[in-house]
Amino acid sequence: QMELVESGGGSVQAGGSLRLSCAHSGRDSERKCIGWFRQAPGKEREGVAALYTGGGSTYYADYVKGRFTISEDNAKNTVYLQMNILKPEDSAMYYCAADPFCTPVITTMTMGLYNYWGQGSQVTVSS
């Protein structure tokens, strides 16, 4: 069993930055994938970025490459999503999720494989 808690959302103007945090607990001794997904009103949930804990690979969706950075602090069991050069289309509820059975090299983000989810954190970017 795992628990994930997001924090750090908020409102910012276009071009600004925000950092989301995902504190995860449970299955601490196991390496896993922690991913960030987002869902805007009326749209499907989509993958944003993911990493394999313990210094493994990272993955970014094309629409955030060069602007978002995913990182981890293993000592704190926390994964971060640094979001720079934010655009109004980045506005969404952001969720972190865990896939305990993923492979070390992440080539895609399949939502159905992420078994554990946080409650979400709202990000609003105004133009």
Side-chain angles (χ1 to χ4, degrees):
Q1 192 68 20
M2 289 189 65
E3 182 178 8
L4 300 97
V5 179
E6 302 97 335
S7 61
S11 297
V12 66
Q13 289 191 328
S17 299
L18 284 172
R19 189 178 78 160
L20 300 177
S21 299
C22 173
H24 57 91
S25 60
R27 309 182 77 126
D28 292 350
S29 63
E30 302 172 13
R31 301 182 73 180
K32 60 190 72 69
C33 286
I34 302 292
W36 287 97
F37 293 80
R38 68 186 184 185
Q39 188 168 21
K43 295 188 176 181
E44 293 186 352
R45 193 169 297 188
E46 60 184 8
V48 175
L51 62 72
Y52 187 71
T53 61
S57 71
T58 57
Y59 169 90
Y60 295 93
D62 287 343
Y63 35 83
V64 303
K65 279 182 182 176
R67 300 189 298 123
F68 291 12
T69 303
I70 191 169
S71 62
E72 63 177 334
D73 184 333
N74 270 336
K76 296 181 179 179
N77 281 347
T78 300
V79 172
Y80 303 98
L81 185 68
Q82 178 67 42
M83 304 182 292
N84 298 328
I85 317 175
L86 281 162
K87 305 175 181 179
E89 52 263 44
D90 294 317
S91 296
M93 185 71 79
Y94 282 71
Y95 300 89
C96 70
D99 174 2
F101 309 111
C102 67
T103 57
V105 178
I106 305 171
T107 58
T108 188
M109 293 179 69
T110 303
M111 193 166 59
L113 297 179
Y114 285 78
N115 298 323
Y116 304 98
W117 291 80
Q119 81 288 351
S121 184
Q122 180 67 41
V123 171
T124 303
V125 184
S126 58
S127 58

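Only a predicted model underlies this, so the values are computations on that prediction, with no experimental measurement involved.
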* To do: Would you name the heavy atoms of G54 and N74 that are closest together and state the gap between them?
  => CA-ND2, 3.5 Å

* Which distance, rounded to the nearest 0.5 Å, do you find between the NZ of K32 and the CG of N115? -> 12.5 Å

* Look at the side chain of S91 and the backbone N and O of V125, then say whether any donor-acceptor pair between them is shorter than 3.5 Å. => yes

* **From CA spacing to verdict: side-chain contact (heavy atoms from CB on, under 4.5 Å), I106, C33** => CA-CA 8 Å; I106 305 171; C33 286; 3.6 Å; yes

* **Taking every non-hydrogen atom, the tightest pair across A61 and G47** => CB-O, 3.5 Å

* Is the backbone of Q82 close enough, under 3.5 Å, to the side chain of T69 for a donor and an acceptor to pair up by distance? -> no

* Would V48 and Y116 show up in the same hydrophobic cluster when neighbours are defined by side-chain heavy atoms closer than 4.5 Å? -> yes

* Would you list the pairs meeting ring pair (Phe, Tyr, Trp, His ring centres under 6.0 Å) in which at least one residue belongs to residues 93-112, sequence neighbours left out? => none

* Side chain S57, main chain P104, donor-acceptor under 3.5 Å -> yes

* Approximate separation, where rounding is to 0.5 Å, of E46 CD and Q39 CD -> 9.5 Å

* **Shortest non-hydrogen contact between I34 and C22, atoms and distance** => CG2-SG, 4.3 Å

* Structure fact -> Shortest non-hydrogen pair, S17 vs N84, comes out as OG-OD1, 2.9 Å

* **Where at least one partner belongs to residues 66-75, residue pairs that pass salt bridge (charged side-chain N to carboxylate O under 4.0 Å, His left out), sequence neighbours excluded** => R67-D90

* For W36 and M109, run side-chain contact (heavy atoms from CB on, under 4.5 Å): C-alpha distance rounded to whole Å, both residues' side-chain angles, the deciding distance at 0.1 Å, then the answer. => CA-CA 9 Å; W36 287 97; M109 293 179 69; 5.7 Å; no

* ring pair (Phe, Tyr, Trp, His ring centres under 6.0 Å) contacts in which one or both residues fall within residues 38-91, not counting sequence neighbours -> none

* Quick one: does L20's side chain get under 4.5 Å of E6's, heavy atoms only? -> no

* If you measure from OG1 on T53 to CZ on R31, what distance do you get to the nearest 0.5 Å? -> 6.0 Å

* To do: Find out if a path of hydrophobic residues (ILVMFWY) with successive side-chain heavy-atom gaps under 4.5 Å connects V79 to M93.
  => no

* To do: Just jot down the ring-ring contact (aromatic ring centres under 6.0 Å, His included) partners of F37, sequence neighbours excluded, or say none.
  => Y114, W117

* To do: Answer whether the closest heavy-atom distance between the side chains of R38 and V64 falls below 4.5 Å.
  => yes

* Mind checking who shares a hydrophobic cluster with V5, ILVMFWY linked at side-chain heavy-atom distances under 4.5 Å? -> none

* T110 side chain vs G112 backbone, donor-acceptor pair below 3.5 Å -> no

* Within a strict 4.5 Å, meaning less than it, do heavy atoms of the C102 and L113 side chains meet? -> no

* Structure fact -> Taken to the nearest 0.5 Å, the spacing of T124 OG1 from Q13 CD works out to 12.5 Å

* Structure fact -> Residues V123 and M83: closest non-hydrogen pair is CG2-CE, 3.8 Å

* Is it true that M2 and L51 fall in one hydrophobic cluster, defined by side-chain heavy atoms closer than 4.5 Å? -> yes

* Structure fact -> Sequence neighbours excluded, the answer for salt bridge (charged side-chain N to carboxylate O under 4.0 Å, His left out) partners of E30 is R27

* At their closest point, which heavy atom of S121 faces which heavy atom of S7, and how far apart are they? -> OG-C, 4.2 Å

* To do: To the nearest 0.5 Å, tell me how far H24 NE2 sits from T78 OG1.
  => 6.5 Å

